[in-house]
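The chains referred to below are lettered A, B, ... by the order of the sequence lines, with proteins before strands, and numbering in each begins at 1. Reckoned from all heavy atoms, side chains included, excluding hydrogens, waters and symmetry mates.
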Amino acid sequence: MHIVRSFFVLFCILSSIQALNAQSCSYRIEGVVTDLHDGDPIFGAVVSIQGTDLFGQTDEEGYFLIKDICEGSILILVTHVECDTISRRVVVQSNTELKFELEHHINELQEIVLLENGITQVNASVQESRLNADQLTLLSNQSLAETLSSLPGVSSLKTGNAIAKPMIHGLYGSRVAIIANGMRLQDQEWGADHAPNIDLNGFESVQVVKGAAALKYGGDASGGMIVLSPQRIRLKDSLYGTSVLNGVDNGKGGSLSSRLTKSFDNGYYISGQIGAKQFGDRKAPDYFLTNTGLKETNFGLTLGRSKILKGWQLNYSRFQNETGILRSAHIGNIQDLLRAIEAEVPIRIDPFGYAIEAPKQQALHQGIQTSYFNHLTAQSLIRLDYNYQINSRKEFDVRRGNRSDRPAIDLTLQTHDFLGSIQWKKGFEWEFEAGMNAFLQDNYSNPETGVKRLVPDYLKYQLGSFITGNFQLTNVFRWEWGLRFDQVHMDVQKFYDTADWIDRRYRLLYSDYEQRDFGTQLLVNPKLNFSNFSAQTGISIGLEDNFKTTFSYILTQRAPNVSELFSDGLHHSLATIEYGNLSLKKETSHKILFGIQKEGNQFTFGFNPYLNAVENFIYILPTGVEQTTRGAFPVWSYEATRVFMWGWDAYATIQFVKRLDYTLNTAYTYAQDVSKDVPLIMVPPFNLYQQLKYSFSGDKMEIQLVHRMTASQNRFPNTNFEVNRIESGSIIQREIDISTPPKGYHTLDFYFSLPLKNQSSLNSTLRFIVQNLTNTTYNDYLNRLRYYASEMGRTFQLQLVLKY
Amino acid sequence: MKTHFYTYQILSIFLFAGFLACTKEDPVLVEEQELITTVALTFSREGAPSETIRWTSDLDQSPLIGLKSNTQYTVSVSFLDESDPGAVENITNEVKKEADEHQIFYEFSGVAIEFEQAPSDVLDSYQNPLYVNTLWSTSNSGSGVVRVYLIHEPIQKTGSARSDFGGETDIAVDFTLQIEN
């Protein structure tokens, strides 16, 4: 380790120890300086404090210690043989631990990147929640949304058991951006019953930011952003990987995923990932959930070269799945819906099977991504990303005349996305990033389905530019801001029923769009333009005793999505006819987030209240009844209203005694439709997540008990409707109660981790997991199929994790 | 490394521009395949010409059926797709062919009518009547409603009320009944 080094790199504030007395010159700063490549300690680096004669020198362990530091702001200098000096301003108000990771390539530029455990915080002035690799592995059997639902303020909007999409602060779909590998995931995110096409096993960490805090990735995600990051590549000759094997009794299935990376010390690397998952029918406590099987395969390959200062990457990923939808949830009309709600158990329960019949969904998502970055100078970095995603989705309904094998929905969505940015620094205080995001999306709706298109063919162009900056005076004060402007253009070709087109007054308003008359059908070509402006500003202030407060304001504007504008069709599981609304305007949200948090060894806590006022909030609500040959159907249409939301997330971890940790996450959301003065629909009720974890000494055996409590949602709009039914020779009016949320519930999960015999080359852990330990029967308000069946019953799972 | 940088930049821009240039073809009109626009009931009794009453999806109210009291009628139902007047499709044939996956059923309100399978009815592979051809026996005069159901994939094929069959409702339309002496 005595070779010449230069200094790049990672600087990380781990945690600090509370100040014991207020004497002003009695503080200590200690820490380690390690090599970024292999984590080896760096010997002989000098850490000094400017303007004083205080200094420390790293020993063989890379450890340094500086004593008798006075309270206040100091400038720390880190020097090493034949290298330029790095400085970092630190405010000392307690004993502080610092960690530096240095890169030792010769003659490279001096660059220091502030990272925490290798992962940059998305935005320092907005609280973020995070799951690390271990937590992800623990839940590797579940979908993205379910995995995240253990975080405060994150819920999962489900359609049955397998289809789940993440919800942040009560918002979902187009209001939540999923960013994988630095690019936004493009799929049918507009549909409530479309789960994101992504497998978590390819990623090392997940960060959830509860607002559009990273304007780089888009200015329309008023709910928040989910950032998935892959494993950091080690810059040395090595071969390493992870395999996870899961076996699950409920659904008699399991999953296997493996990841292998080969890296070379010249910076080249190749990394591959495969995964497969299969389940048969799941089981509620008392019955099988017929046709809820799942098949999934995924594959990823990454090639690249990373050299700290510059690098490139080429990545291909493929995700394919087939998901069964509860057979009993496919209904014909509202009398069927009433019968389903009245029934104690699903109307159709078949013996267990692996077959996935209609109704079902098939999705295939493929992406190619190339990225390049280069530190042009010591102070600037350029980054280019291009990404092509092709997403095909087929949905199968139960159909007459052997048509069940033919999809009722067949969409191909292609997206080209380019993101280029340049980052630069001015001194140590200012950091900027500016860039451009160009985007083209092409949706094709196959007419061979023989069913009216749910979403039309369209081309969507988007050009965005952004600039963000942050000003960091010291380690305790940070100011961040950002601006983004997007121009969105949509070129849509859609068939309307001529009668509908006239009924909805579109002929009066949009006769320019009319393209061709097919008699009962009319081809129209709306060309829509939206200009969206987004902005964000926030501060983060460190207080005494490891307290930190953050405050942030985020303005987001979102163009209505294609389903809000054009959706047109019958929803089989909800027996509703859904109509888009061509007249919708952009949605504007003002979100204010406040946070206070304390870090510590025995006690950590955070409290994050927020306010969100949305103008032109686009939502769907019942607007009438339509007569069809299947009977009368309630019609739901997209409209805009004013919405006011507030809520809070809170978390705490307490170490009661050594090795016994308690974690509490809890969240509440209030959402009101101000124009109509009624509560907003589908808002997560108050919920609580508690975890008690005991780690045995020595062999690192671990036991965890998790309790989840979800209260009943008492605030909901009344969307009930009447249906008439012939009962014993007379017509009776009955109300269909689709509004009343189910009762609150408690569930318990149990986790047991046993590290197996560990060698230097192989690290393995065996886990035994029980979910819904008490086999409780419950229904969840955020599950759109809650009328038809209960949630899954007790599930035993055996997991083997191999790290090599 | 500079060359690398330009290669990528140019490549990205080229790819992007390439796709911007493409234009979209006009979409093709979807031929809706499972539409049923018309439900027709044909009534015949001895000594009178048969009469057909049609329910179509553009009607605002349920069509009127006039029947005589204490009379037996042979009633046959047909389901049609008349969305394209040039090519009317008779869905009844498909229903008959897939008799195991379908069930036709009637529910009456306000009037007492008994129905049973007609000798000409179609049976499924378990010898259950499909009720495509039925015998209706009227009793007293009065007015009421008959609701015609076409059920897809019923969980059972026998029963005395709609709820006994389960499955999805493909058709549920009302006809007004007027029974006179």
Requested in this report: List the steps and the verdict of side chain to side chain contact (heavy atoms under 4.5 Å, CB included) for B/Val77 and B/Val39.
Outcome: CA-CA 7 Å; B/Val77 65; B/Val39 178; 4.0 Å; yes
Identify, with sequence neighbours excluded, every residue that meets salt bridge (charged side-chain N to carboxylate O under 4.0 Å, His left out) alongside [X].
X: A/Arg327; value: B/Glu153, B/Glu168
X: A/Arg516; value: none
X: A/Asp350; value: A/Arg348

Query raised in the report: Heavy-atom distance under 4.5 Å to chain B: side chain of A/Tyr444, backbone, both or neither?
Result: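 Both backbone and side chain.
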Query raised in the report: Between A/Glu342 and chain B, which part of the residue has a heavy atom less than 4.5 Å away: side chain, backbone, both or neither?
Result: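 Neither the backbone nor the side chain of A/Glu342 comes within 4.5 Å of chain B.
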Query raised in the report: So, do A/Gln186 and A/Asn387 sit near enough that their side-chain heavy atoms are less than 4.5 Å apart?
Result: no
Side chain, backbone, both or neither: which part of [X] has an atom under 4.5 Å from a heavy atom of chain A?
X: B/Ile91; answer: side chain
X: B/Glu98; answer: side chain
X: B/Leu29; answer: both

Using a 4.5 angstrom heavy-atom cutoff, name the option from [options] with the most pairs to chain B.
options: A/Glu448, A/Gln335, A/Arg406; answer: A/Arg406
options: A/Arg725, A/Lys452, A/Gln521, A/Gln515; answer: A/Lys452
options: A/Glu727, A/Arg400, A/Gln493; answer: A/Arg400

**Report entry** More than 12 heavy atoms from other groups under 6.0 Å of CD on B/Gln178
**Finding:**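 Above 12, so yes.
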Requested in this report: Using heavy atoms and a sub-4.5 Å threshold, report which of residues 116-144 of chain B line up against chain A, by residue number.
Outcome: none
**Report entry** Choice from B/Val28, B/Ile155, B/Val173, B/Thr37 maximising heavy atom contacts with chain A below 4.5 Å
**Finding:** B/Val28
Query raised in the report: Does the gap between the ring centers of B/Phe115 and B/Phe105 come in under 6.0 Å?
Result: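 Between B/Phe115 and B/Phe105, the centre distance is under 6.0 Å.
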**Report entry** Option passing side-chain hydrogen bond (donor to acceptor under 3.5 Å, both in side chains) with A/Lys494 (candidates A/Asn525, A/Asp457, A/Asp568)
**Finding:**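 Running side-chain hydrogen bond (donor to acceptor under 3.5 Å, both in side chains) over A/Asn525, A/Asp457, A/Asp568 with A/Lys494 returns exactly one hit, A/Asp568.
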Report task. Could you go through the side chain to side chain contact (heavy atoms under 4.5 Å, CB included) check for A/Met436 and A/Phe418 one step at a time? Result -> CA-CA 8 Å; A/Met436 202 194 78; A/Phe418 169 81; 4.0 Å; yes
**Report entry** Side-chain donor or acceptor of B/Arg162 paired with backbone N/O of B/Gly166 under 3.5 Å
**Finding:** yes
